Amino acid sequence: MLSENEPLLRFVAFAAVLAALAGWEVFAPRRRREMPRAWRWPGNLGVVVIDTLLVRLLFPTAVVGLAVLGEERNWGLFQVLAWPAWVTVPLAFLAMDLAIYLQHVMFHAVPALWRLHRMHHADQDIDVTTGIRFHPIEILLSFGIKLGVVAALGPPAVSVLIFEIALNATSMFNHSNIALPLWLDRLLRWIVVTPDMHRVHHSILIRETNSNFGFNLPWWDRLFGTYRDQPKAGHEAMTIGIEQFREPGEQRLDRMLTQPFREDDRSYPLGRGNSS
Ligand SMILES: [Zn+2]
Ligand SMILES: [Zn+2]
């Protein structure tokens, strides 16, 4: 029942959050746009369509489907432990969020993975569509990792469903170009990654890119010392993107798809021994 309704549930949540945030960006934007939306949105939305089709075609089951199967057959740590649901549902959510944080750090640290992930960072504005702009190979790899995490952890299926919907929504939220009152941002930052917090990660300055890896819960960055409060130049004046791929044509779908295979990894931000 849960896994049958998952695609529809996820799509409705996705479309509603996307429309609400896109509308909010029009009425209360945080930053002035560097580029018209018409240059970026076809590519950003086009890549989501490709990502979704590829995952559906190549993977026989959704993540929630695997969790349902795991519950039936007692696969994974949480199934073996058999703790009560009020413990395992939030604990599994936390564990999956930590896995996503660690995966994000890994996509910055390994040069071949950075080539894939830098397409997300090559967006020269940051708005709600940046939150769903990921290279198809990165999406396939992270989907495989997520299946592995679910198989090993054996989380309750309801926890996985909540996590999937939350991650999708928070990713769009924390990339959105919406102005929140500063006091609200400070308050929200204790429970969720806010747009001002994640925007620091999209700075062209390497030391700022190397911070705020969290997508959903903000605690991992504080715990592992990767938290950075604000961008040095301020949110309005900071430059978004990476040094490579700054031609406007790079925001075209075909150029975005070939970015991992072009140029070198000189803008590789983690582990270069360069803190500039
Ligand atoms: Zn990143
Ligand atoms: Zn991002």
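The first residue of the sequence shown is numbered 1, and numbering continues consecutively from there. None of the values given here were measured: they were computed from a predicted structure. FYI, side chains are in, hydrogens and waters are out, and symmetry mates aren't considered; it's all heavy atoms of this structure. In each ligand, atom 1 is the first atom listed, and ligand 1 is the first ligand listed.
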>> For a distance under 2.8 Å, tell me if His104 has an N/O/S atom near the Zn ion (ligand 1).
In response: yes
> If you stand at the Zn ion (ligand 1) and look out to NE2 of His108 and NE2 of His201, what angle do those two lines make, to 10°?
Replying inline: 90°
>> I'd like to know if the Zn ion (ligand 2) has an N/O/S atom from His202 within less than 2.8 Å of it, counting both backbone and side-chain atoms.
In response: yes
> Hey, is there an N, O or S on His121 sitting under 2.8 Å from the Zn ion (ligand 2)?
Replying inline: no
> Taking NZ, NE, NH1 and NH2 as the nitrogens, is one of them in Asp127 or Arg37 under 4.0 Å from a carboxylate oxygen of the other?
Replying inline: no
> Is any NZ, NE, NH1 or NH2 atom of the basic residue among Arg33 and Glu25 found under 4.0 Å from an Asp or Glu carboxylate oxygen of the other?
Replying inline: yes
>> Using side-chain heavy atoms (C-beta onward) and a distance below 4.5 Å, is Pro195 in contact with Phe173?
In response: yes
> Which of these passes side chain to side chain contact (heavy atoms under 4.5 Å, CB included) with Leu113: Met106, His108, Glu138, Gln103?
Replying inline: Met106
> Does a donor on one side chain and an acceptor on the other come within less than 3.5 Å for His120 and His201?
Replying inline: no
> Once rounded to 10°, what is the value of the angle centred on the Zn ion (ligand 2) between His198 NE2 and His175 NE2?
Replying inline: 90°
